[in-house]
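Each remark here refers to the structure printed beneath this line.
Since the structure is predicted, the reported quantities are computational estimates derived from the model, not experimental observations. Atoms within each ligand, like the ligands themselves, are counted from 1 in listed order. Below, each value reflects all heavy atoms present in this structure, side chains not excepted, and no hydrogens, waters or symmetry copies.
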Amino acid sequence: MKVLKFGGTSVANAKNIKLVLDIVLNKAKKDKLIVVVSALSKVTDLLQLAASKAASNDETYKDIVAEIEKKHLDALKELIPVSEQSSLLSHIKRIINHLETILDGCFLLGELSARTSDTILSFGELLSSYIIAESLKQNLKNSSYKDSRELIKTNNNYGKAAVNFEVTNLLTTTFFSSNDSQVVVMPGFIASSLDEINTTLGRGGSDYTAAIMAGALNATELEIWTDVNGMFTANPKIVKQAQPIASISYQEAMELSHFGAKVLYPPTIQPVLRKNIPIHIKNTFEPEAEGTYISDVSTSNGNPARGISHIDNITLITLEGPGMIGVSGSSKRLFEVLSNESINVIFITQASSEHSICIGILNSDAEVAENAINKAFEIEIAQNKIDPCIVEKNLCIIALVGENMKNHQGLSGRMFSTLGKNNVNIRAIAQGASERNISAVINERDVKKALNTLHENFFEENTKQLNLFVMGVGNVGEKFIEQIHQQKKFLKENLKINVRVIALSNSRKMHFDDDAIDLDSWQTALDNGETANKELFLEKVAALNLRNSIFVDITANADVAATYEHFLRQSVGVVTCNKIACASAYDNYKNLKKLSRQYNAPFLFETNVGAGLPIIDTVKNLIASGDKVHKIQAVLSGSLNFIFNNFDENNSFHDVVKEAGVQGFTEPDPKIDLSGIDVARKILILIRESGYKMEIEDIENQAFLPKECMDTKNNEEFFKSLITYNSHFEGILAEAKQKDSRLKFVAQFENGKASVGLQFIPKDHPFYNLEGKDNIVLFFTDRYVDQPLLIKGAGAGAAVTASGIFADVIRIGNV
Ligand code: ADP
Ligand code: ASP
Ligand code: MG
């Protein structure tokens, strides 16, 4: 004998019920079966809604009854041949009339007792089981129906009645000993008290009905047929990467279901555990999938953690005060109060000082609990020995579960550091003595992030998901996206990093997709996006609250640079090629670095100096390993180098600057390069990264542009001025020729002083042969005394800058 239970979605409509019938008919060839069914999907919720509407004098309960009636009539008409329908349809109508009469009563009285509520809720299962039993009879003559209320006996605790197993088991065995149907269909969830009043077993309780039958009759197996492929490592509706667990122990399954894995109603395990009857969770919509096998053995793949679950709608109540210390019995009194109010305590922690005790209960119990506790401790509160209890609502419990966790060290450390790195604030922690479960109370808004990040850490072979929010998709931005697109598969397979672009924005439009933007068509998505709005962008990043979020700034905009603080404070990492923040006031630069450490959010800006060249990373490594930088000499402007390398008798200064712009080597405003400001910012950043305090004004800028060129208002005027002052530039060129040297715009730092300016570089100098748009940096340090540490290579251009940004993103992925 096997017991099969089909959930609400499995019997949602005629189409699904046909799948159920197929499964049942197939199984019935081999075994005798009891088939327990839930109400049609959502019907119990509808009944509850109708009842509360009726009781609050809202006549629209009648519409709900009509909706329920239609659902069932539709299903029946599709499942039963027309010739046989009429008596069955009248039966359904009779049941619905009965339901309506009871609801009318609630409406008239303006009242709904727990007892009446149970009777109303029982209609869902009564209707579904009737339709399914009748449909089955059409295909299998030797099948019958049995009303669970005649077999399952409970106390009168309406809403969640406790089963009297002695009576129930006796009635059940007696009934089945004389029943020889191959299949017996029964409604789940409903029962009756010894005085024959309708009761229910708690929401989700059809699983329990099936387990009670299986236990009473020593079934060989209990099969729970639902809408997912088994019990998953986390709720698959929230964690997309969750996987079904092939086999799990009763204890682990119980722990997961107690902590919110709704796929199995928690009390279900007890009756079958006692008899060692295995539970098989299967998917009605994918019957060939293996599902989850729950028994007294758990075959894990070596991972001590088996799953993560969570409970929403939690309130934390803390009772504290000096009066709690050493006074035995405070906790006893607290729990007595809660028990008297029938409040279920889900979570408890107590500081070893006994100064405070903290409990987790459902939000819906919060008010009653608060009042009851404050009342019970009234005297101590009046004497200031105990504070009125502190109530924090809208929290959530997450639990990491696994039988074998007790044999492994460091799991809780790993759990909490994973959450901490993602800025998930932990309000309370509990670890059961069995060490089968480590649980934490967190804010409800963090739950998706917490579950996903824990799942990634414990179950996904350490694949790390990075979620990018990219601002600026010009030349460099476009290349950056192209590079991610191209490398995505490689990164996933080889570095176990899953890079996802969640948002893109330029100055006109922005587009968000929390499932990651398809990089094949990002341009269209962005063009069709909403109007760009920086404040909204910031809000959306915060609202999505994704793990490992990184803001990528590929603009040269001061307003964008001003947002970093906001992101870092939310533990969103920042990667930027925009120099403005790091070259702003020293205190601001320092503050960003401090926030980065404080909030565990990386702040990386390798491309601020030398585009993709690993210059800043090198300085960081030198300093971290105890070296000291004394002197820096560098050519740090790819654009100026390009300009002075191409400026000759045949190419006027104006034309060369123009060409540098066309090729994307200059800033959008070329004056920033030509004035030397850009180079000054770069050397400033290197100086600061070397550990010195300096402001931009401290850097001497030996400008070579005539003042009139500097004073122009826009690019057009600026280019005109370059033509006007052509002879000035020709003069500089002639001087270089005469000195047999080349022109380089050099940045220097030595003895605490820094300068930038155009220099005549003689043939024997390492800068002389610096071609194209290359950069070069020489670091003179404690360790590199005679021969400096030299870094040289392309220092401008969209592709190398993009690759530098990309490298920073991967750096974050690798930590
Ligand atoms: P039924 O109506 O079949 O009883 P339920 O809705 O009660 O189905 O339970 C199945 C649902 O449980 C799934 O659709 C899923 O959303 C949810 N669920 C939560 N946690 C888990 C988990 N760890 N594994 C599988 N399902 C889970
Ligand atoms: N129909 C009931 C509910 O929705 C019982 C169940 O489906 O298990 O809670
Ligand atoms: Mg269920």
Side-chain angles (χ1 to χ4, degrees), residues 4-12 16 19-20 23 36-49 68 71 117-118 120-129 148 152 159-161 186-191 199-212 222-246 248 252-268 279 281-286 289 291-292 294 305-312 396 398-402 447-448 451 454-455 459:
L4 276 56
K5 176 260 171 177
F6 292 89
T9 323
S10 304
V11 298
N16 295 0
L19 298 177
V20 169
I23 293 166
V36 173
V37 296
S38 285
L40 270 56
S41 177
K42 304 278 180 327
V43 167
T44 313
D45 291 339
L46 288 174
L47 288 164
Q48 204 158 30
L49 185 64
I68 294 174
K71 256 183 203 276
S117 169
D118 266 7
I120 294 172
L121 295 196
S122 71
F123 279 84
E125 269 71 9
L126 287 175
L127 286 161
S128 67
S129 57
S148 316
I152 301 179
K160 195 174 183 180
M186 293 175 69
F189 181 54
I190 60 175
T199 57
T200 62
L201 302 176
R203 291 303 306 270
S206 295
D207 297 346
Y208 192 30
T209 307
I212 295 164
L222 166 60
E223 295 184 357
I224 303 284
W225 289 81
T226 183
D227 58 355
V228 285
N229 283 346
M231 189 170 244
F232 279 61
T233 45
N235 184 346
K237 304 251 161 78
I238 303 180
V239 178
K240 295 224 170 71
Q241 313 295 331
Q243 293 294 325
I245 304 167
I248 189 169
E252 288 169 324
M254 191 140 53
E255 208 79 25
L256 280 171
S257 74
H258 264 295
F259 278 87
K262 186 184 166 220
V263 65
L264 199 64
Y265 182 54
T268 306
I279 306 176
I281 302 184
K282 296 277 289 174
N283 188 349
T284 304
F285 306 95
E286 230 181 290
T292 297
I294 306 173
R306 301 310 308 280
I308 313 163
S309 53
H310 79 286
I311 313 177
D312 290 322
C396 156
I398 44 172
L400 183 70
V401 170
V447 70
K448 189 172 172 198
L451 290 175
L454 286 177
H455 194 269
F459 298 100

Any side-chain donor-acceptor pair under 3.5 Å between D118 and T199?
->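 Checked: D118/T199 side chains show no N/O donor-acceptor pair below 3.5 Å.
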
What atoms in ligand 1 come closer than 4.0 Å to a heavy atom of [X]?
| X | answer |
| --- | --- |
| V263 | 9 (O), 10 (C), 12 (O), 24 (N), 25 (C), 26 (N), 27 (C) |
| T226 | 1 (P), 3 (O), 8 (O), 10 (C) |
| G230 | 24 (N), 25 (C) |
| M231 | 24 (N) |

Passing candidate, side-chain contact (heavy atoms from CB on, under 4.5 Å) with S206, options S128, S129, S148, S38 =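 Between S206 and the candidates, side-chain contact (heavy atoms from CB on, under 4.5 Å) is satisfied uniquely by S38.
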
Proximity flag G307 to ligand 1, non-hydrogen atoms under 4.0 Å |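 G307: no contact with ligand 1 (<4.0 Å).
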
Sub-4.0 Å heavy-atom approach of A234 to ligand 1 =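 Contact present.
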
Using a 4.0 Å heavy-atom cut-off, say whether [X] meets ligand 1 through its side chain, its backbone, both or neither.
| X | value |
| --- | --- |
| V228 | side chain |
| S41 | neither |
| K262 | both |
| K5 | side chain |

Any N/O pair F232/ligand 1 closer than 3.5 Å |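 It does: an N or O of F232 is found under 3.5 Å from an N or O of ligand 1.
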
Can you check whether G8 has an N/O within less than 3.5 Å of an N/O in ligand 1?
->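 Yes - when backbone and side-chain N and O of G8 are compared with those of ligand 1, one distance drops under 3.5 Å.
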
Quick one: nearest non-hydrogen protein atom to [atom], plus distance?
| atom | value |
| --- | --- |
| atom 21 (C) of ligand 1 | N235 CA, 3.6 Å |
| atom 6 (C) of ligand 2 | S206 OG, 3.4 Å |
| atom 3 (C) of ligand 2 | R203 NE, 3.3 Å |

Tell me, please: is G204 in heavy-atom contact with ligand 2, that is, under 4.0 Å?
->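 A heavy atom of G204 does come that close to ligand 2.
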
Give a yes/no on ligand 2: does G205 have at least one heavy atom closer than 4.0 angstrom to it?
->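 The answer is yes, since G205 has a heavy atom less than 4.0 Å from ligand 2.
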
Just jot down the ligand 2 atoms closer than 4.0 angstrom to any heavy atom of S38, in number order.
->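 That gives atoms 6 (C), 7 (O), 8 (O) of ligand 2.
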
Non-hydrogen side-chain atoms of D45 and R203 separated by less than 4.5 Å =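 The answer is yes, as the side chains (C-beta and beyond) meet within the 4.5 Å cut-off.
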
Can you find a pair of side-chain heavy atoms, one from I212 and one from L201, that are under 4.5 Å apart?
->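 Result yes, sub-4.5 Å side-chain heavy-atom pair found.
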
Does any N or O atom in E125 lie less than 3.5 angstrom from one in ligand 2, N or O only?
->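 For ligand 2, there is an N or O atom that lies under 3.5 Å from one belonging to E125.
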
Distance-only N or O hit between ligand 2 and F189, under 3.5 Å |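 For ligand 2, there is no N or O atom that lies under 3.5 Å from one belonging to F189.
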
Roughly how far, to the nearest 0.5 Å, is CD1 of I23 from CD of E223?
->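 The distance works out to 9.0 Å.
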
